[in-house]
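For reference, the structure discussed in these notes is given below.
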Number of protein chains: 2
Amino acid sequence: MDARPFTSTIARLKTAGLRPTRQRIGLARLLFDHGDRHVTAEMLHDEATKAGLRVSLATVYNTLNQFTGAGLLREVVVDTTRSYFDTNVSGHHHFFVEQEATLHDIPADAVAIERLPAPPAGLKVARVDVVVRLTKN
Amino acid sequence: MDARPFTSTIARLKTAGLRPTRQRIGLARLLFDHGDRHVTAEMLHDEATKAGLRVSLATVYNTLNQFTGAGLLREVVVDTTRSYFDTNVSGHHHFFVEQEATLHDIPADAVAIERLPAPPAGLKVARVDVVVRLTKN
DNA sequence: GTGATTGCAAATCTTTTGCACTAAA
DNA sequence: TTTAGTGCAAAAGATTTGCAATCAC
């Protein structure tokens with residue numbers, strides 16, 4: 001684990017057109033060096049603080065939005081009260097555990113969507129999101 | 001259209017355990033007497049005001065939540081910035097047009113979801129939501 | 001009457017923004 | 001240097017809540 005060398009994070013940011021600042025590098029490492037993750041701004045900010053990275057919550061918000069704009073993250077809409085960001089940007093779906101407010105990936109090939117109706121004229125499908133809401137029983 | 005008689009709205013509220021006040025009756029008629037609808041609190045409040053129903057925005061929020069709790073409405077999560085409520089409470093899916101922030105129903109039988117993975121132990125599927133995000137092209 | 005409901009204003013929560021300061025190139 | 005990025009505090013939106021007044025039963 002933590003196989004991605006420091007310089008690779010910098011390269012990734014540069015490629016995305018983002019200046020590799022201390023804060024962005026630190027956040028990128030937290031996000032991308034530990035497998036697929038789902039974070040909220042608050043969660044990432046707490047984690048950064050605990051890891052000794054000094055970064056303001058505003059910068060965390062800005063950074064998450066910039067990373068999303070650059071295609072490094074994907075926003076997952078499952079909860080009206082909070083935004084989740086997913087480090088897995090390839091097509092896939094989610095389990096959402098309501099009581100815990102936690103997200104878990106469902107691989108794209110684990111779900112097949114058949115007979116999706118064609119979109120109305122003038123509109124094209126940008127993305128199909130499947131959210132399987134789970135509750136404890 | 002507008003086939004549902006006034007008393008039926010009252011009966012529906014009573015059945016749901018909600019006292020049929022002027023505000024709830026008025027909002028229920030706006031919601032349920034005109035086919036399947038998708039509304040936000042702000043939209044419903046504007047509509048009520050235009051229809052001459054005097055009701056505060058806070059009461060619209062409270063009423064939407066109460067109706068949802070009573071199973072008269074379903075909340076649709078498609079947008080982090082706003083809550084949408086759907087008068088169609090049977091299983092079905094949605095098109096979401098990003099530029100317009102509008103929702104359109106997809107009948108349940110128009111989509112088939114195959115090979116959905118089993119939920120982790122101790123959890124059960126409460127609901128499967130499919131959101132087809134559309135963009136103008 | 002009595003308890004539920006409403007309206008208002010204030011509070012809360014998440015997210016964004018303006019601007020002076022700091023850091024990357 | 002020059003320009004982009006950061007932090008802070010304030011602002012902005014959506015939604016909820018406390019409480020006195022009002023309404024349904």
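By convention in this document, chain letters (A, B, ...) are assigned in the order of the sequence lines, proteins followed by strands, and residues within each chain are numbered from 1. Hydrogens, waters and symmetry mates are skipped; everything else that's a heavy atom, side chains included, is used.
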Under 4.0 Å from OP1 or OP2 of C/dC13: is there any side-chain N or O of A/T81 that close? no
Separation of D/dT15 P from B/L44 CG (nearest whole Å): 12 Å
Would the distance check show the side chain of A/R115 and the main-chain N or O of B/D109 forming a donor-acceptor pair, the cut-off being under 3.5 Å? yes
Does OP1 or OP2 of C/dT16 have a side-chain N or O of A/Y61 closer than 4.0 Å? no
Separation of atom CG in B/N65 from atom C1' in C/dA4, rounded to whole Å: 17 Å
Classify the angle between the aromatic ring planes of B/F96 and B/Y84 as parallel (below 30°), tilted (30 to 60°) or perpendicular (above 60°). perpendicular
Looking at B/F32, is B/R12 sitting on its ring face, NZ or CZ under 6.0 Å from the six-membered ring centre and within 45 degrees of the normal? yes
In whole angstrom, what separates B/L64's CG from D/dA14's P? 14 Å
Does A/R24 put a side-chain nitrogen or oxygen below 4.0 Å from OP1 or OP2 of D/dG5? yes
Measure from the side-chain N and O atoms of A/R29 to the backbone N and O of A/H34, and report whether any donor-acceptor pair falls under 3.5 Å. no
Using atom types as modelled and distance alone, determine if a side-chain donor or acceptor of A/N88 lies under 3.5 Å from a backbone N or O of A/S90. yes
For A/T80 and D/dT15, is the shortest distance between a side-chain N/O and OP1 or OP2 below 4.0 Å? no
C/dT5 phosphate, OP1 or OP2: any side-chain N/O from B/Q66 under 4.0 angstrom? no
Between CG of B/L13 and P of C/dT5 the distance, given in whole Å, is 11 Å
Whole angstrom value for the distance that separates C1' of C/dA4 from CG of B/L18: 11 Å
For a quick test of reading the model: is some side-chain N or O of A/S56 closer than 4.0 Å to OP1 or OP2 of D/dG7? yes
A/Q23 has an atom CD; how far is it from atom P of D/dA4, in whole Å? 17 Å
Pairs under 3.5 Å (N/O, protein and nucleotides 18-25 of chain C):
| unit_1 | atom_1 | unit_2 | atom_2 | d |
| --- | --- | --- | --- | --- |
| C/dA24 | N3 | A/R19 | NH1 | 3.4 |

Minimum-distance nucleotide to A/S83 side chain [options: C/dT15, D/dG7, C/dG7]: C/dT15
Is B/E47 paired with B/R37 through a side-chain N to carboxylate O contact shorter than 4.0 Å? yes
When we call it a touch if two heavy atoms are under 4.0 Å apart, what does A/T40 touch: a base, just sugar-phosphate, or nothing? nothing
Whole angstroms only, please: what is the CG-P distance between B/D79 and C/dT14? 17 Å
Taking the six-membered ring for Trp and the single ring otherwise, decide whether the centroids of A/H104 and A/H38 are under 6.0 Å apart. no
Just how far, in rounded Å, is P of D/dG5 from CD1 of A/I25? 12 Å
